[in-house]
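Please read these numbers as outputs of a predicted model, since none were measured by experiment.
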Amino acid sequence: MPVPWFLLSLALGRSPMVLSLEKLMGPQDTARCSPGLSCHLWDGDVLCLPGSIVSAPGPVLVPTRLQTELVLRCHQETDCDLCVRVAIHLAVHGHWEEPKDEDRSGRAADLELEEPRNAFLQAQVVLSFQAYPTARCVLLEVQVPAALVQPGQSVGSVVFDCFEAALGAEVRLWSYTQPRYQKELNLTQQLPALPWLSVSADGDDVHLVLDVSEEQHFGLSLYWNQTGPRNITLNHTDLFPCLCIQVWPLEPDSVRTSLCPFKEDPRAHRNLWRAARLRLLSPQGWQLNAPCLLLAEATLCWQAPGGGPCLSLVPPLSRENVTVNKTLELPLLNAHPNLCVQVSSWEKLQLQECLWADSLGALKDDMLLLETRGPQDNRSLCALEPSGCTPLLSQASTRAARLGEQLLQDLQSGQCLQLWEDDLRALWACPMDKYVHQRWALVWLACLLLASALFLLFLVKKNQVKGWLRLLKEDLRAGAVARGRATLLVYSAEDSGFERLVGALASALCQLPLRVAVDLWSRRELSAQGPLAWFHAQRRQTLQEGGVVVLLFSPGAVALCHEWLQDGASASAPHGPHDAFAASLSCVLPDFLQGRAPGRYVGAYFEGLLHSEAVPALFRSVPVFSLPSQLPDFLRTLQGPGTLRPGRLGERAKRVSRALQPALDQLLQPPGDPGDPEDGTRVGT
């Protein structure tokens with residue numbers, strides 16, 4: 001089975017000591033008690049004034065033993081200080097005062113009355129702490145139930161978190177009660193000056209924080225605290241060349257057996273390089289972090305944008321082996337995002353990091369120039385490219401040769417950044433952005449010339465171009481007409497006759513063609529979503545597609561509008577589970593009140609059911625049509641201007657009127673009168 005990484009200890013001489021410390025988050029001191037006790041920590045520190053010893057009036061709580069434990073107080077996950085946790089063990093000192101014989105009979109009668117007053121035994125315990133240069137005193141109030149009070153016996157403990165201290169400090173603790181009934185309890189402890197370890201988990205990773213002086217040598221051991229023979233399996237991803245194993249019996253002065261079996265293991269070396277990281281510490285400082293020592297060499301290189309190999313540079317870094325976890329200096333005058341560090345081992349590239357990419361941004365399309373200085377102040381310049389170092393003033397076909405004179409002028413005018421310099425050579429980075437912009441300027445010029453040629457062609461062939469545009473416009477219009485404009489019909493569901501009339505209108509409009517939405521055809525969605533949600537979704541879709549919402553007014557719809565306008569939304573609830581008109585008023589009225597209705601809404605009413613004066617004045621800000629007499633204008637508004645010739649519009653109006661008339665006649669016929677429906681009408685007010 002795999003060895004758990006949290007079973008770690010420090011090899012402290014012959015007596016291994018586990019120092020994986022508990023973490024306490026936050027700066028506040030706290031106190032807690034063992035079961036059966038109650039305790040309270042006073043805010044802030046108190047004065048350390050023990051006072052004189054006084055006689056106990058009866059049973060009292062006194063501290064009997066001090067016990068300490070090291071913990072970590074963390075202000076952040078990785079910002080922790082060593083802290084001393086103190087446990088104070090308490091016991092009962094003294095006895096209840098025995099009553100005189102003549103008072104026993106009288107007190108026995110009052111025993112039940114005194115018990116509630118003596119239900120708890122209370123004490124104020126002072127805890128004093130000194131560790132140069134710190135001195136503190138805290139006060140804890142402790143209560144114990146009378147049922148647990150047995151003279152001379154322990155009643156539990158109270159734990160205080162915690163006093164901050166430094167490694168290696170001498171800690172002195174005192175504890176007593178106020179008032180003081182016995183000699184102060186004291187404890188002196190020397191905190192460990194040896195390494196201590198903190199273990200924290202971050203997902204699949206485990207972080208070990210080890211505090212040790214730079215001069216001190218230490219060993220880190222994995223051990224399995226078990227008895228008897230055991231087979232232990234190590235995960236291959238946990239192997240490193242410097243991972244060693246110690247085995248010893250947990251007995252005093254035991255002899256340890258040590259083994260480092262992974263020094264030459266290829267898997268361990270691969271894991272080591274996977275765990276290694278390059279880190280930038282300052283503009284000229286960097287560090288190679290790895291869990292073990294590495295035999296490696298580092299070099300500087302130049303990484304051009306767009307991929308490709310990283311070009312090795314002068315100056316080379318020190319050819320000596322890189323020291324792991326030690327800050328190294330880069331011989332640079334200025335930083336650049338294209339400068340990278342390569343780490344190689346046995347002539348094989350293992351790591352490459354462009355250390356300044358995060359702080360200076362993405363790679364730049366700069367040209368790197370190498371300046372070589374000769375005697376008598378002679379100097380030559382070449383550009384470092386994948387093909388080699390190209391002299392600036394040459395006949396080569398590379399970019400640097402084509403722009404050689406311009407790059408030389410940029411260098412002389414101070415537009416290039418110097419990266420490194422010694423007595424004989426220097427490195428410069430020259431920006432190429434302006435030359436890239438010049439190429440884009442040529443592209444834009446070509447586009448402008450093409451646009452000018454097309455404009456001249458339009459002027460010469462104006463009549464033919466107009467014909468092409470006319471045909472294109474007719475094709476687009478025909479496609480829009482074929483698709484149909486979105487139309488949402490909203491009405492008040494008063495009775496089945498009116499619903500048949502609305503259904504006849506919706507079916508006739510679908511033949512024009514128009515894309516009609518009406519709740520009659522969406523009862524399942526209406527029941528599932530509710531009238532308000534259904535109408536809101538349909539209205540938003542219709543208006544987003546450039547459609548129109550048709551409000552069909554009837555006596556019931558007019559009454560609902562008056563109720564909303566007079567009393568607000570709470571005045572009337574929807575008349576039925578499928579009445580979308582009542583639910584729609586909460587969305588429709590704001591559009592009319594804020595002037596957003598024109599062009600988005602159309603009103604209509606049926607002749608014989610409602611007079612035009614009955615439509616509320618608020619809704620007359622949009623066209624309101626009387627059907628079927630004003631059907632041509634109504635259809636023209638729905639389909640948009642210019643979509644149909646007048647003759648075709650009249651034919652479609654007659655077709656819709658014929659579809660509406662039977663349902664309208666049946667609705668206008670008085671109840672119980674089988675005669676001519678035109679003899680009676682129902683007029684809304």
Side-chain angles (χ1 to χ4, degrees), residues 483-558 560-561 574-589 591-592 597 600-607 609-610 615 619 622-628 630-631 634-640 652-653 655-664 666-667 684:
R483 184 170 179 265
R485 190 182 186 190
T487 304
L488 174 61
L489 300 183
V490 185
Y491 68 99
S492 177
E494 301 182 14
D495 51 40
S496 59
F498 190 75
E499 286 190 341
R500 282 193 296 271
L501 179 59
V502 173
L505 176 62
S507 299
L509 293 179
C510 287
Q511 305 300 322
L512 294 185
L514 289 170
R515 291 183 293 116
V516 179
V518 63
D519 63 354
L520 280 173
W521 300 340
S522 305
R523 287 292 169 84
R524 180 177 299 176
E525 293 84 352
L526 195 67
S527 299
Q529 302 176 16
L532 180 60
W534 180 87
F535 173 77
H536 180 72
Q538 294 295 328
R539 168 184 167 276
R540 180 177 56 190
Q541 181 178 353
T542 300
L543 297 181
Q544 286 178 350
E545 296 177 359
V548 62
V549 179
V550 179
L551 303 178
L552 294 177
F553 290 99
S554 63
V558 171
L560 282 174
C561 292
H575 286 187
H578 306 306
D579 194 347
F581 187 86
S584 69
L585 291 178
S586 62
C587 299
V588 171
L589 287 178
D591 288 344
F592 279 88
R600 308 168 79 184
Y601 291 86
V602 170
Y605 63 91
F606 294 102
E607 297 167 356
L609 294 179
L610 198 70
V615 177
F619 296 97
V622 300
V624 180
F625 300 98
S626 175
L627 305 181
Q630 294 182 344
L631 268 173
F634 177 66
L635 298 181
R636 183 182 298 108
T637 302
L638 294 186
Q639 293 188 305
R652 293 190 174 183
R655 191 188 314 161
V656 175
S657 179
R658 286 194 298 268
L660 287 178
Q661 200 62 48
L664 183 59
Q666 185 177 0
L667 185 61

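- Annotation: side chain to side chain contact (heavy atoms under 4.5 Å, CB included) contacts of Ser657 (sequence neighbours excluded): Pro628, Leu631, Gln661.
- The minimum heavy-atom distance between Leu543 and Val549, with the atom names listed, is CD2-CG2, 4.2 Å.
- The closest side-chain heavy-atom distance from Asp519 to Tyr491 is below 4.5 Å.
- Of all heavy-atom pairs spanning Gly603 and Val622, the tightest one is N-CG2, 4.2 Å.
- The minimum heavy-atom distance between Val624 and Ala604, with the atom names listed, is CG1-N, 4.2 Å.
- Counting heavy atoms from C-beta outward, Leu532 and Cys587 have side chains that approach closer than 4.5 Å.
- By the side-chain hydrogen bond (donor to acceptor under 3.5 Å, both in side chains) test, Tyr601 pairs with Arg539, Asp591, sequence neighbours left out.
- Heavy atoms only, all atoms of each residue included: Ala504 and Leu660 are closest at C-CD2, 4.1 Å.
- Counting only heavy atoms from C-beta outward, the side chains of Ser554 and Leu610 never approach each other to under 4.5 Å.
- With sequence neighbours excluded, no residue forms a side-chain hydrogen bond (donor to acceptor under 3.5 Å, both in side chains) with Gln630.
- Going from atom CD of Gln666 over to atom CZ of Arg500 covers 4.5 Å, rounded to the nearest 0.5 Å.
- Of the possible polar contacts, one joining the Arg485 side chain to the Leu638 backbone as a donor-acceptor pair under 3.5 Å is found.
- With contacts defined as side-chain heavy-atom distances shorter than 4.5 Å, the pair Leu501/Leu609 qualifies.
- Between Phe625 and Phe634, the angle of the ring planes goes over 60°, which puts this pair in the perpendicular group of the 30/60° scheme.
- Going from atom CG of Leu552 over to atom CG of Leu627 covers 7.5 Å, rounded to the nearest 0.5 Å.
- With sequence neighbours excluded, the residues that form a side chain to side chain contact (heavy atoms under 4.5 Å, CB included) with Gln529 are Glu525, Ala533, Trp534.
- Here the side chains of Ser507 and Gln511 are not in contact, with every heavy-atom distance at 4.5 Å or above.
- The two residues Ser584 and Val490 come nearest to each other via the heavy atoms OG-CG1, 3.6 Å.
- Contacts of Tyr605 classified as ring pair (Phe, Tyr, Trp, His ring centres under 6.0 Å), with partners at least two apart in sequence or in another chain: none.
- With sequence neighbours excluded, the residues forming a side-chain hydrogen bond (donor to acceptor under 3.5 Å, both in side chains) with Ser626 are Glu607, listed by chain and number.
- Leu489 and Ala506 get closest at one heavy-atom pair: CD1-CB, 3.8 Å.
- For the pair Leu551 and Phe592, the minimum side-chain heavy-atom distance is below 4.5 Å.
- Two residues are said to be in side-chain contact when any heavy atoms from C-beta on lie closer than 4.5 Å; Val656 and Leu505 meet this criterion.
- Counting heavy atoms from C-beta on, the side chains of Val518 and Thr487 never come closer than 4.5 Å.
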